[in-house]
> 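Shown below is the structure under consideration.
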Amino acid sequence: MSRVAYVNGRFVTHGDAAVHIEDRGYQFADGVYEVVLVQDGALVDEVPHLDRLDRSLGELRIDSPMSRPSLQSVMRELIRKNRIRNGLVYMQVTRGVSRRDHPFPKDVKPAIVLTAKRIAATKPEVVENGVKVITIPDIRWKRCDIKTVSLLPNVLGKQQARESGAYEAWQVDEDGNVTEGTSTNAWIVTKDNELVTRNANENILNGITRLSILRLAEREGLKFVERAFSVQEALDAKEAFVSSATSFVTPVTQIDQTVIGNGKAGSMSVQLRDSYLSYAASEGRTQ
Ligand code: PDD
């Protein structure tokens with residue numbers, strides 16, 4: 001069966017799905033997006049993702065293209081039509097189509113596109129052995145809290161990671177502190193077992209997975225703090241990991257040339273990965 005996408009009110013064959021050449025997303029990256037995990041046929045953390053979509057739209061003063069219940073039914077229909085059991089739903093809203101000119105156009109309807117795809121389960125050896133990250137300068141703008149489709153620094157960073165044989169690149173601000181990965185949030189566990197992730201402000205995207213992990217850590221009585229941490233602190237850490245809707249909790253066992261801990265996934269990382277997966281399979285899911 002061929003893939004199906006949703007474009008401005010219609011379900012269309014993925015291969016034929018198209019937007020106008022003067023869509024402002026295409027010309028100006030004037031739009032926002034969300035990625036929601038589908039686990040065992042159910043959406044995970046659906047409401048917080050939709051809340052963040054509304055927030056991103058609000059920050060850019062783009063109108064909502066459709067009501068929340070309509071959007072939710074499109075998401076479900078898309079999962080069904082594409083027969084996704086484990087995968088993701090991608091949604092993108094742009095300011096719409098208009099003759100190219102920088103100011104906001106008047107009387108333009110926002111454009112919406114949704115796609116869905118399957119994702120393969122993470123291999124057990126990746127979870128066990130962890131992944132490598134590199135560190136790169138954070139060259140992004142000052143509103144990284146908005147989930148915009150303007151991802152060029154992230155794309156360049158991820159490519160540099162791939163070319164270095166790494167899974168992710170951790171971006172580093174001018175003070176030498178890690179902000180986040182190019183498509184994940186960054187975490188460390190210090191030698192005295194404190195879980196640390198950067199506090200959420202304009203410098204990072206406040207990951208929905210990040211928020212779920214913080215709630216789980218609290219519930220499990222783990223010691224945690226939201227604060228900036230330096231590259232040196234990360235290199236000295238006992239454990240490290242990344243989080244996102246599609247990577248859950250993925251242990252990190254090498255940062256640049258330094259092996260973290262004993263080179264195997266750390267125990268708190270494994271515990272939080274397991275907790276997150278149970279959460280995704282129970283209270284985090286919506287049918
Ligand atoms: N990326 N930081 C950045 C820069 C991101 O792009 C993402 C998500 C995250 C994690 O957020 P969440 O836990 O809500 O997925 C952090 C998505 C998955 C993507 O761009 O594909």
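Numbering of ligands and ligand atoms starts at 1, following listing order. Computed over heavy atoms, backbone and side chain alike; hydrogens, waters and symmetry mates excluded.
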> Taking all non-hydrogen atoms of both residues, which atom of D256 and which atom of K132 are closest, and how far apart?
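Closest pair (atom of D256, atom of K132, distance): O-CE, 4.0 Å.
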
> Does any donor atom in the side chain of T197 or N185 lie under 3.5 Å from an acceptor atom in the other side chain?
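Their side chains do not contain a donor-acceptor pair, so the 3.5 Å distance test is not met.
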
> Would you kindly say whether S73 and R76 are connected by a side-chain donor-acceptor distance under 3.5 Å?
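No - no donor-acceptor pair under 3.5 Å links their side chains.
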
> Not counting sequence neighbours, list each pair that qualifies as a salt bridge (charged side-chain N to carboxylate O under 4.0 Å, His left out) and has a residue in residues 276-287.
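Passing the test, one end in residues 276-287: R219-E283.
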
> Give one line per pair: atom of ligand 1, protein atom, distance. Only N/O to N/O under 3.5 Å.
unit_1	atom_1	unit_2	atom_2	d
ligand 1	1 (N)	K147	NZ	3.3
ligand 1	1 (N)	S183	O	3.3
ligand 1	2 (N)	E180	OE1	2.6
ligand 1	13 (O)	I208	N	3.4
ligand 1	13 (O)	T209	N	3.0
ligand 1	13 (O)	T209	OG1	2.6
ligand 1	14 (O)	R52	NH1	3.0
ligand 1	14 (O)	R52	NH2	2.9
ligand 1	14 (O)	I208	N	2.8
ligand 1	15 (O)	A245	N	2.8
ligand 1	20 (O)	Y33	OH	2.7

> What residue pairs, at least two apart or across chains, pass salt bridge (charged side-chain N to carboxylate O under 4.0 Å, His left out) with a residue in residues 151-171?
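Passing the test, one end in residues 151-171: K158-E168.
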
> Please list every donor-acceptor pair under 3.5 Å in which a side-chain atom of residues 96-120 meets a protein atom from a residue at least two apart or in another chain.
unit_1	atom_1	unit_2	atom_2	d
R118	NE	R83	O	3.3
R118	NH2	N82	O	3.1
R118	NH2	R83	O	2.8

